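Below is one structure, written out as structure tokens; the observations come after it.
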Amino acid sequence: MQLSVDVVKERLRGVAAGLLTPFNESGAIEYWKIEENAQSLYDSGIRSFLAAANISEYHSLTTSERVAVTKASVSALPSDVCILAGVGGCTKDAQELIRDYDRLGVDAHMIMPPDHTYIHEQGLLDYFDGLASVTDSPFVPYIRAFDPSVDFLSDLTYIENVVGIKYAIKDPVKLGSAVTAGSNDVVWVDGLAEPYAISFWGEGVEGFSAGVSNFRPEVGLELYDALVAEDWKRARELRDICLPYQNFRDQTGQDNTIDGAISVPAVKKGLELAGLHGGEVREPIRSLSSEDEAEAEELYWQLDDDINRLIE
């Protein structure tokens, strides 16, 4: 049974973990590993999950695979969690994906950033309206990789079905202006993980997506509690221990000049070091080089030491 809108909003006020897609060496999906990761994160206290999301390698999955990984997520988790499933692409394909997800019983649809080279703000609002026309389920648009106006962000909050916005632009001032201008009935979520949790919280976000908390959820949960309690000193300490690994995720990796190329394999390595399932990646992503693997291991154990120091 899908959660009510009010409960979805309440779940957005917390830490949302991404469920990565573990591929084997042949590129096939190992669905049982998604289920085990989900169950472990739930046991750690996570109550919001992102299925078929950006970090799940959404764009490397076929439409049927997106449905299948989401089905694995839904089947693995109790009914009290909020599962948001990624939706993108052309209007008709996205509408069909929404219908498939609704049949699975997902709680909300995370509308992926536009992957079109040329977009118009009003055209994008029309796109959201078109998707809303086929479902009553809640929407959480994911704002990333383009630079919208405050007016656009404000208008987005008044679209039918929109209950939250995942904001992943490195501009807290724009965020604050949009929160003030938009509907007060929408939950804003930090889409840039732990590094921006404090600054975005001051501008009106009420939850954040996981970075290192995808594989060490205790640090994200503790950080969220510190934010709610307005314990800024502790919040900064917890944020700061996440920064080395998160900064590593932003790097280009070997034989490449594009920032963030190792972001997903770095999280998969973190999952494996934490005793969970990471797996291989699909093109256009590449696995970590041996040098990057060694750096990831060093940073992970540094994080582990810091967590043991700060969290009992």
Side-chain angles (χ1 to χ4, degrees), residues 1-5 7-9 11-12 16-23 27-39 41-42 46-116 124-144 156 159-166 189 191 209 264 279 282:
M1 179 181 294
Q2 290 175 299
L3 300 178
S4 69
V5 170
V7 176
V8 169
K9 290 179 181 178
R11 291 289 183 267
L12 293 176
L19 293 172
L20 283 76
T21 307
F23 303 105
I29 300 171
E30 298 184 293
Y31 293 98
W32 64 274
K33 292 184 176 180
I34 298 174
E35 295 172 357
E36 288 197 354
N37 283 352
Q39 290 162 0
L41 289 167
Y42 178 85
I46 297 293
R47 293 296 180 267
S48 291
F49 293 85
L50 309 177
N54 213 28
I55 201 167
S56 314
E57 298 178 68
Y58 178 92
H59 295 92
S60 297
L61 300 173
T62 66
T63 298
S64 62
E65 287 174 335
R66 292 166 189 160
V67 175
V69 299
T70 300
K71 182 178 180 179
S73 305
V74 172
S75 66
L77 291 164
S79 59
D80 62 323
V81 307
C82 179
I83 299 177
L84 296 89
V87 175
C90 74
T91 300
K92 288 189 180 298
D93 286 350
Q95 288 174 334
E96 189 56 40
L97 190 53
I98 284 171
R99 293 187 182 101
D100 287 337
Y101 287 158
D102 281 345
R103 284 190 283 269
L104 293 177
V106 303
D107 301 294
H109 304 286
M110 186 174 68
I111 313 302
M112 300 292 285
D115 55 6
H116 202 298
L124 193 51
L125 293 172
D126 292 341
Y127 174 73
F128 286 116
D129 276 332
L131 301 191
S133 70
V134 301
T135 185
D136 294 324
S137 297
F139 282 4
V140 179
Y142 183 11
I143 306 302
R144 187 187 187 104
L156 190 56
I159 285 184
E160 188 177 6
N161 297 45
V162 172
V163 301
I165 295 178
K166 183 180 178 183
V189 177
S209 59
V264 172
R282 277 185 182 171

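Here the structure is a predicted model, which is why all the values come from computation and not from measurement.
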Euclidean distance, I83 CD1 relative to L3 CG, rounded to 0.5 Å: 8.5 Å
Side chain to side chain contact (heavy atoms under 4.5 Å, CB included) evaluation trace for E160 with D129: CA-CA 7 Å; E160 188 177 6; D129 276 332; 5.6 Å; no
Determine whether I34 and S73 satisfy the following criterion, side chain to side chain contact (heavy atoms under 4.5 Å, CB included), listing intermediate values before the conclusion. CA-CA 7 Å; I34 298 174; S73 305; 3.8 Å; yes
Could you tell me whether a side-chain N or O of R11 sits under 3.5 Å from a main-chain N or O of D107, the two making a donor and an acceptor? no
Q39 side-chain N/O to L77 backbone N/O, donor-acceptor pair under 3.5 Å: no
Any chance you could lay out the side chain to side chain contact (heavy atoms under 4.5 Å, CB included) test for L131 and T91, step after step, and finish with the verdict? CA-CA 7 Å; L131 301 191; T91 300; 4.3 Å; yes
Would you say that more than 12 heavy atoms from the other residues, nucleotides or ligands in this model lie under 6.0 Å from the NE2 of H59, or not? yes
Closest contact, heavy atoms only, V8 versus P138: CG2-CG, 4.3 Å
So do V140 and I165 actually touch side chain to side chain, heavy atoms under 4.5 Å? no
Please examine the side chains of Q2 and S137, heavy atoms only from C-beta on, and report whether any two atoms are closer than 4.5 Å. yes
Is there a side-chain contact between I111 and Y127 (heavy atoms, below 4.5 Å)? yes
Say you draw a straight line from CZ of R282 to CG of L61; how long is it, rounded to the nearest 0.5 Å? 6.0 Å
Nearest heavy-atom approach of A132 to F139 is N-CE2, 3.5 Å
Heavy atoms of Y101 and G86 approach each other most closely as OH-O, 2.8 Å
Does E35 reach the main-chain N or O of W32 with its side chain, forming a donor-acceptor pair under 3.5 Å? no
Just so I know, are the side chains of T135 and R99 near enough to count as touching, which here means a heavy-atom distance under 4.5 Å? no
Give the minimum heavy-atom separation between Y142 and M110, together with the two atoms involved. CB-CG, 4.1 Å
Shortest non-hydrogen pair, A76 vs A38, comes out as CB-CB, 4.2 Å
Any M112 side-chain heavy atom under 4.5 Å of V87 side chain: no
Answer yes or no: does atom CG of D136 have more than 12 heavy-atom neighbours from other residues, nucleotides or ligands under 6.0 Å? no
Looking at Y31 and A68, what are the two nearest heavy atoms and their distance? OH-CB, 3.4 Å
Sidechain N-carboxylate O distance under 4.0 Å for E36, K33: no
From OG (S133) to CD1 (I98), nearest 0.5 Å: 8.5 Å
Check the pair R47 / C82 against side chain to side chain contact (heavy atoms under 4.5 Å, CB included), numbers first and verdict last. CA-CA 6 Å; R47 293 296 180 267; C82 179; over 6 Å; no
Does some side-chain heavy atom of L125 sit less than 4.5 Å from a side-chain heavy atom of I159? yes
Side chains of S4 and V7: does their closest heavy-atom pair fall under 4.5 Å? yes
Taking atom CG of L20 and atom CD of E57, what is their separation to the nearest 0.5 Å? 7.0 Å
Residue of the set L97, T21, D100 for which side-chain contact (heavy atoms from CB on, under 4.5 Å) holds with R66: L97
D102 and H109 side chains, donor-acceptor separation under 3.5 Å: yes
Step by step, work out the side-chain hydrogen bond (donor to acceptor under 3.5 Å, both in side chains) result for N37 and Y42. CA-CA 9 Å; N37 283 352; Y42 178 85; over 6 Å; no
Assess whether atom NZ of K71 is packed by more than 12 heavy atoms of other residues, nucleotides or ligands within 6.0 Å. no
Between S56 and L19 (side chain of the first, backbone of the second, donor and acceptor by atom type, cut-off under 3.5 Å), is there such a pair? yes
OG1-CG distance between T70 and L84, expressed to the nearest 0.5 angstrom: 10.5 Å
Does any non-hydrogen side-chain atom of I55 lie less than 4.5 Å from one of L50? no
